[in-house]
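Below is one structure, written out as structure tokens; the observations come after it.
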Amino acid sequence: MHIPESLQDLASSEAVQFLRRPKTITRVFEGVFSLIIFSSLLTDGYQNKMESPQLHCILNSNNVACSFAVVASFLAFLSCLAFLVLDTQETHIADTRFKTAFQLLDLILAVLWAVVWFVGFCFLANQWQHSPPKEFLLGSSSAQAAIAFTFFSILVWIFQAYLAFQDLRNDAPVPYKRSLDEGGMVLTTLPSPSATSSVNMPTTGPNSLSYASSALSLCLTAPKAPRLAMMPDN
């Protein structure tokens, strides 16, 4: 099957490669799940009872449960958008310390959001379990959807923490790696001993060159001893 050159260029473009990264796909799932939780409870999460016009949370009439899920999902959605923008600039970050700090922040927030959604799932499921049956005419499907996607959010944030840990471990700077590389470059640029043996004098210490030059100057400037001449006999 022949693929047009334009499609090949599109597949190899930087934008497509960025969208195919596991980290990017995971962030998209996190944002979608957070948006589903937010919209489900914000639209149908508050209903009025048949005997009262006042709105109540469909999760056991506990407004704290609905408020917790709405606020957490909204903040998680904003966090996904912010990190997606930062991920686009990750390849252009030259500072190793800033890149390591960014990856460490990504790991900490992923673990934090996994814990938040785990607590939220337990809280929402408990409130839904204690909700009186048929107390509200509408909203049961929205509550079930919110609880289900809260559980799915735990899984994707755990996977996001795993990816962040892998990036942090693979890109962690080794303190002695640069010195070893520089030492290897210096050793490769030094001339071989056979090429310099006929020119350079043997050295025995750090000050051997100054010692040799001083010894040579002493030999040149030392006074010559007087010679004895034999007088012929008369």
Side-chain angles (χ1 to χ4, degrees), residues 9-42 64-125 146-189:
D9 296 339
L10 179 63
S12 60
S13 63
E14 186 177 354
V16 175
Q17 294 297 327
F18 172 75
L19 294 176
R20 293 176 59 183
R21 294 173 56 189
K23 184 186 294 186
T24 306
I25 297 174
T26 307
R27 294 199 195 280
V28 171
F29 275 106
E30 293 165 358
V32 171
F33 292 168
S34 300
L35 195 60
I36 291 175
I37 298 170
F38 177 80
S39 59
S40 298
L41 292 180
L42 193 63
V64 177
C66 289
S67 300
F68 171 81
V70 169
V71 172
S73 58
F74 179 71
L75 293 179
F77 180 74
L78 292 181
S79 176
C80 294
L81 290 182
F83 273 93
L84 274 176
V85 174
L86 292 175
D87 285 342
T88 58
Q89 305 297 326
E90 185 179 2
T91 56
H92 305 288
I93 298 176
D95 192 357
T96 307
R97 295 181 179 178
F98 181 78
K99 189 174 183 180
T100 304
F102 168 72
Q103 293 172 349
L104 184 60
L105 179 63
D106 188 14
L107 174 62
I108 293 174
L109 287 181
V111 174
L112 180 62
W113 276 115
V115 173
V116 168
W117 285 125
F118 175 76
V119 174
F121 170 74
C122 296
F123 182 41
L124 298 181
I147 295 173
F149 281 97
T150 301
F151 175 75
F152 296 151
S153 297
I154 301 172
L155 302 180
V156 294
W157 280 106
I158 289 176
F159 186 67
Q160 180 66 45
Y162 170 76
L163 293 177
F165 176 75
Q166 291 292 329
D167 292 342
L168 185 63
R169 187 179 66 174
N170 294 335
D171 296 340
V174 181
Y176 53 87
K177 183 177 180 181
R178 183 176 179 182
S179 61
L180 289 178
D181 294 340
E182 292 177 352
M185 294 177 60
V186 170
L187 289 177
T188 53
T189 55

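Source: prediction; values computed, not measured.
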Note to self: Set out, in order, the CA-CA distance, both residues' side-chain angles and the distance that settles side-chain contact (heavy atoms from CB on, under 4.5 Å) for F102 and D87, then state yes or no.
What the structure shows: CA-CA 10 Å; F102 168 72; D87 285 342; 3.4 Å; yes
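- Distance check, rounded to the nearest 0.5 Å: CD1 of I108 to CG of L104 gives 4.0 Å.
- When every heavy atom of A69 is checked against every heavy atom of L124, the shortest pair comes out as CB-CD1, 4.0 Å.
- Judged purely by atom type and a 3.5 angstrom limit, T88 uses its side chain to pair as donor or acceptor with the backbone of V85.
- Heavy atoms from other residues, nucleotides or ligands lying under 6.0 Å from CZ of F123 number more than 12.
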Next item on the list: For salt bridge (Lys or Arg N to Asp or Glu O under 4.0 Å), just list the numbers for K99 and D167, CA-CA rounded to whole Å, side-chain angles, deciding distance to a tenth of an Å, and then say yes or no.
Entry: CA-CA 10 Å; K99 189 174 183 180; D167 292 342; over 6 Å; no
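- Between the S79 side chain and the L75 main chain, no donor and acceptor come within less than 3.5 Å of each other.
- Using a 30° and 60° split on the angle between ring planes, F152 and F149 fall in the perpendicular class, above 60°.
- If you run side chain to side chain contact (heavy atoms under 4.5 Å, CB included) between F83 and each of R27, Q160, E30, only R27 comes through.
- Just one of V119, V116, I37 meets the side chain to side chain contact (heavy atoms under 4.5 Å, CB included) condition when paired with T150; it is I37.
- Atoms CZ and CG, on F74 and L35 in that order, are 10.5 Å from each other to the nearest 0.5 Å.
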Notebook entry, point to check: Checking side-chain contact (heavy atoms from CB on, under 4.5 Å) for the pair F151/L155: CA distance, chi angles, key distance, verdict?
Noted result: CA-CA 7 Å; F151 175 75; L155 302 180; 4.1 Å; yes
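- Atoms OG1 and CD1, from T26 and I158 in turn, are 12.5 Å apart once rounded to the nearest 0.5 Å.
- For C80, the disulfide (SG to SG under 2.5 Å) test picks out no residue, with sequence neighbours left out.
- The only member of F121, F118, W117 that meets side chain to side chain contact (heavy atoms under 4.5 Å, CB included) when paired with S153 is W117.
- Atoms CG and OG, from L81 and S34 in turn, are 9.5 Å apart once rounded to the nearest 0.5 Å.
- To the nearest 0.5 Å, atom CD1 of residue I36 and atom CG of residue L41 are 12.0 Å apart.
- Remark: K23 NZ to Q103 CD distance equals 6.0 Å, nearest 0.5 Å.
- When all heavy atoms of D106 and A164 are compared, the closest pair comes out as OD2-CB, 3.8 Å.
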